[in-house]
Amino acid sequence: MIESLLFMLILGGACGSILSLASKIFYVYEDPRIAQVEYFLAGANCGGCGFTGCSAAAVAVVDGKAKPTVCVISDMETAANVAEVMGMEVGAAEPLLSKNECSGGTRADDRYTYQGAPSCRAAEALLGGRKVCTIGCLGYGDCVKSCIFDAIHMGPDGFPVADEAKCVGCGACETACPKGIVHVRTMSERLLHFNQEDDALAPCQQTCPAEIDIPKYIAQVRDGDYAGAVNTIRERNPLLLSCGRVCPHPCEDYCRRGIEDEAVSINQLKRFAADYEMHSGERLPIPCAVPTGKKVAVVGGGPAGLSCAYFLRRLGHDVTILDAMPKLGGMIRYGIPEYRLPKEVLQWEIDGILNLGIDYRSNATLGADFTTASLREEGFDAVFLGVGAWNDYTLRAEGEDLNGCYTGIDFLTRFARHQQGDSDEDAIPIGKKCVVIGGGNTAIDCVRTLVRLGAEEVSLVYRRTRKEMPANDVEIEAADHEGVKFHFLAAPVRVIGDENDQVTHFEFQKCELGEPDASGRRRPVPIEGSETLMEIDMLVTAIGQGPDVSFIEKEDAIQNLQTTRWNTIDADPEILQSSVPYIFTAGDSYTGASLVVEAIGGGRRAARAIHMYLSEEELVPVPKSLQKKHIPESLFESVNGVVQKKRAEMPEMDVAERIQSFEEADLVLEESDALAEANRCLGCCRICYNKDKEAA
Amino acid sequence: MGDIIVLVVSCILINNILLAQYLGNCPFLGTSKKMETAVGMSFAVVFVLVMAGIITWVVNTFVLVKFGLEFLRTIAFILVIASLVQFVEMFLKKSIPALYAGLGIFLPLITTNCAVMGVCLLNVNEEYTFSQSLISSFAYAIGFGLALILFAGIREKVLLARVPKPLQDTAIGLVAAGVLSMAFFAFKGMV
Ligand SMILES: Cc1cc2nc3c(=O)[nH]c(=O)nc-3n(C[C@H](O)[C@H](O)[C@H](O)COP(=O)(O)OP(=O)(O)OC[C@H]3O[C@@H](n4cnc5c(N)ncnc54)[C@H](O)[C@@H]3O)c2cc1C
């Protein structure tokens with residue numbers, strides 16, 4: 001008895017001392033937070049989180065590979081405790097949520113009837129599943145069976161619907177889905193997602209440069225969930241009030257209804273949802289990720305800069321916008337006139353973005369008031385350049401600098417500044433007979449502004465025909481209604497002035513269309529001997545604009561910042577990183593004069609790259625990136641099951657009334673019209689869509 | 001030489017620790033759902049079993065037998081094996097991090113594995129010499145891995161079959177294990 005006790009004591013002692021000695025000798029430094037995190041985890045070693053046991057999960061949390069919400073069997077309190085250990089704000093841990101991508105379900109055609117086990121995985125093993133669509137939901141509900149929290153159910157349309165209140169983000173459904181269409185994502189991951197070849201995308205969403213989930217927000221409008229629609233748009237585009245007014249909606253060109261009927265008025269529905277929020281008197285809350293402590297300087301407060309700042313802020317970074325002008329907004333404030341986008345509306349929208357906690361400095365010009373080097377000294381980890389395209393091209397014709405001659409951007413900007421009262425310059429004297437040269441948005445905005453300023457006769461001179469004009473169609477039409485005279489196929493030759501250098505005449509040559517040029521448009525060829533004189537007293541040339549990159553010469557540190565021959569900043573199209581690693585770009589300064597949505601999409605893409613740069617990850621392109629390319633199977637030749645229904649007409653102010661003032665000319669849809677319009681949407685995905693009820 | 005081959009074959013196939021002796025059923029069912037885990041577990045078992053075989057032989061011969069304390073064998077082995085696994089874990093973490101990354105997570109799972117304990121006790125009961133113990137431990141571990149990996153393959157396939165509701169998951173797993181075990185019975189007459 002004594003013997004055995006003694007023996008066990010000795011053996012136990014020996015084992016104990018060897019182990020304690022070993023723990024000294026083989027000591028490996030381990031982050032003390034691992035033990036602290038593990039303390040809070042459930043300790044059940046259930047493996048539900050996907051890591052082998054709680055200690056492995058704790059290591060993953062400390063390594064940043066898992067979120068504080070990693071433990072699937074604990075509540076938010078655990079997550080908050082873990083977040084606190086990790087130095088994140090209590091309660092600010094980002095919840096993971098399950099979302100199903102496929103909205104086809106039973107409306108998608110079956111390839112064959114599957115007789116085996118009622119399991120997606122089994123069906124998938126056979127020729128990839130019974131659904132014709134390569135990515136579609138198979139509908140056997142493996143995800144439903146996999147969820148131990150009862151948070152995902154098979155919806156009435158044959159695809160699973162997740163219950164956000166019950167979902168803990170364990171990821172079991174994502175693992176169970178053989179098609180990879182159930183995703184468990186945090187908000188940040190959703191904000192950083194870009195269209196990919198194997199995503200469930202309608203043709204319109206493939207086309208939108210900002211990649212807004214169009215069918216989803218239209219469905220939300222249709223269901224009366226206007227706030228939901230606003231949130232859906234905001235996940236991709238923070239400037240919905242502005243885009244809802246000025247966007248030329250390339251998406252509508254690809255609307256599937258448009259193949260058999262008139263396209264859905266997608267942009268008017270965006271404006272409807274956006275105006276709903278503004279008039280509701282309450283801003284919808286916009287969540288942001290936990291602060292990362294990294295600082296980014298955004299140079300240029302136009303759409304690209306605002307978008308980049310907005311997404312970076314939502315990803316948790318500290319952002320400061322610096323802009324040369326007295327107020328933010330860029331071209332949409334100083335170019336696009338009041339009657340198209342009222343400054344009050346724009347300011348409301350910008351305030352919403354700044355309210356997220358974004359700092360800004362106005363009247364701060366890069367190259368004059370600060371340099372990228374001074375930003376680095378201030379502690380900014382990365383710099384975004386969204387300086388736009390503000391340099392007017394000139395005619396290079398004789399006499400274009402006579403008195404009474406202006407360039408487009410210069411004219412619009414000076415007028416807008418005067419109108420908003422943020423310059424002490426006198427108003428530009430307006431002539432009686434005005435001519436604007438050009439065919440883009442700038443030219444149209446100039447003529448419509450001149451009409452409103454009381455010019456007696458306003459003409460627009462363009463080298464090609466109306467069909468080739470790059471301006472938005474509705475704008476051209478509105479200008480026509482407002483009494484603007486169009487002179488097509490007319491090339492400027494020279495400008496003639498009197499002895500006081502005041503412009504008096506303008507000479508142009510008639511043209512005919514020749515061979516198509518690099519842009520695919522037919523080149524205008526002047527006809528010899530067709531010179532015509534026109535009597536004028538004011539001339540505005542709006543023939544295009546390019547970025548002003550003179551700030552590069554003013555700073556040694558960025559001498560090697562590469563630009564293209566169009567003066568745009570050179571960068572990789574996916575990553576948008578310039579030749580100086582900490583400088584990123586997007587918007588007009590990268591693409592050349594383009595569109596607001598393009599700048600917004602670019603701003604988000606740059607935000608993704610900056611986020612990776614700040615997280616010290618390798619900057620990789622979006623995998624299987626689409627970037628406005630179309631998925632071939634989604635482009636139909638014909639669409640059956642469509643019954644013709646008139647597209648909602650845009651309500652606008654009466655012409656006689658609107659040319660008297662700068663009041664907003666285009667109006668918002670009535671609620672009933674918006675609902676009818678939303679009902680016209682076919683809710684397309686890649687290959688399936690909802691046929692009109694009347695067609696059945 | 002002939003003896004060694006007989007020993008190896010009998011440890012791997014005839015007296016397979018999982019399918020003939022029914023030891024170590026928890027990891028057999030627990031880590032056989034995925035091939036990847038099954039392979040990791042198998043390697044960890046080979047590693048630990050060989051170590052345990054050696055150390056328990058030493059403890060048995062030089063301590064227990066010498067002092068006539070054989071009746072304390074089971075409890076002494078538990079202590080020794082548990083400490084050994086802990087020690088190995090610490091050692092690997094410091095000295096061979098690569099191996100630790102591969103096996104580390106499985107080691108604590110084996111601490112309380114009855115297959116390990118069973119093999120060590122069998123070695124003593126059969127009165128194996130040191131080299132015989134070493135070989136038998138290794139062979140038993142190989143047998144463990146073989147059965148586990150075979151079984152994981154079967155379970156991955158079973159997922160595709162239509163299984164009646166009451167039999168799904170672990171239940172069908174046990175049925176499959178039974179059938180597999182019967183298949184291994186065919187080796188019984190070999191030696
Ligand atoms: C008259 C006009 C009408 C248009 N109409 C439409 C339309 O209807 N629909 C549409 O989609 N698009 C339209 N566009 C195009 C659209 O406005 C632009 O594509 C868009 O604004 C580009 O955004 P951005 O952020 O890249 O640049 P911008 O909006 O040009 O912003 C650049 C910002 O950078 C600042 N900045 C420049 N240099 C510096 C510097 N050195 N230091 C600090 N800050 C600097 C500027 O002050 C400005 O705020 C129109 C453009 C014009 C000119």
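Reminder, nothing fancy here: chain letters follow the sequence lines and each chain counts from 1. If you're wondering where the values come from, they're calculated on a predicted model, not measured in any experiment.
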When you look at [atom1] of [X], are more than 12 heavy atoms from neighbouring residues, nucleotides or ligands closer to it than 6.0 Å?
X: A:Arg121; atom1: CZ; value: no
X: A:Glu617; atom1: CD; value: yes
X: A:Glu3; atom1: CD; value: no
X: B:Tyr128; atom1: OH; value: yes

Working to the nearest 0.5 angstrom, can you tell me the gap between [X] [atom1] and [Y] [atom2]?
X: B:Ile78; Y: A:Leu11; atom1: CD1; atom2: CG; answer: 11.5 Å
X: A:Lys24; Y: B:Met90; atom1: NZ; atom2: CE; answer: 10.5 Å
X: A:Tyr27; Y: B:Lys93; atom1: OH; atom2: NZ; answer: 10.0 Å
X: B:Ile75; Y: A:Met8; atom1: CD1; atom2: CE; answer: 4.5 Å
X: B:Gln86; Y: A:Ser23; atom1: CD; atom2: OG; answer: 10.5 Å

Query - Distance-minimising heavy-atom pair for A:Leu19 and B:Ser83 - result: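 Where A:Leu19 meets B:Ser83 most closely, the heavy atoms are CD2-O, 3.5 Å.
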
Report summary line: Heavy atoms of A:Ile25 and B:Lys94 approach each other most closely as O-CE, 4.0 Å

Report task. Would you indicate whether the side-chain heavy atoms of B:Leu64 and A:Phe7 approach each other to under 4.5 Å? Result -> yes

Query raised in the report: Is there a side-chain contact between A:Ser4 and B:Phe71 (heavy atoms, below 4.5 Å)?
Result: yes

Query - Region of B:Val59 that comes under 4.5 Å of a non-hydrogen atom in chain A - result: neither

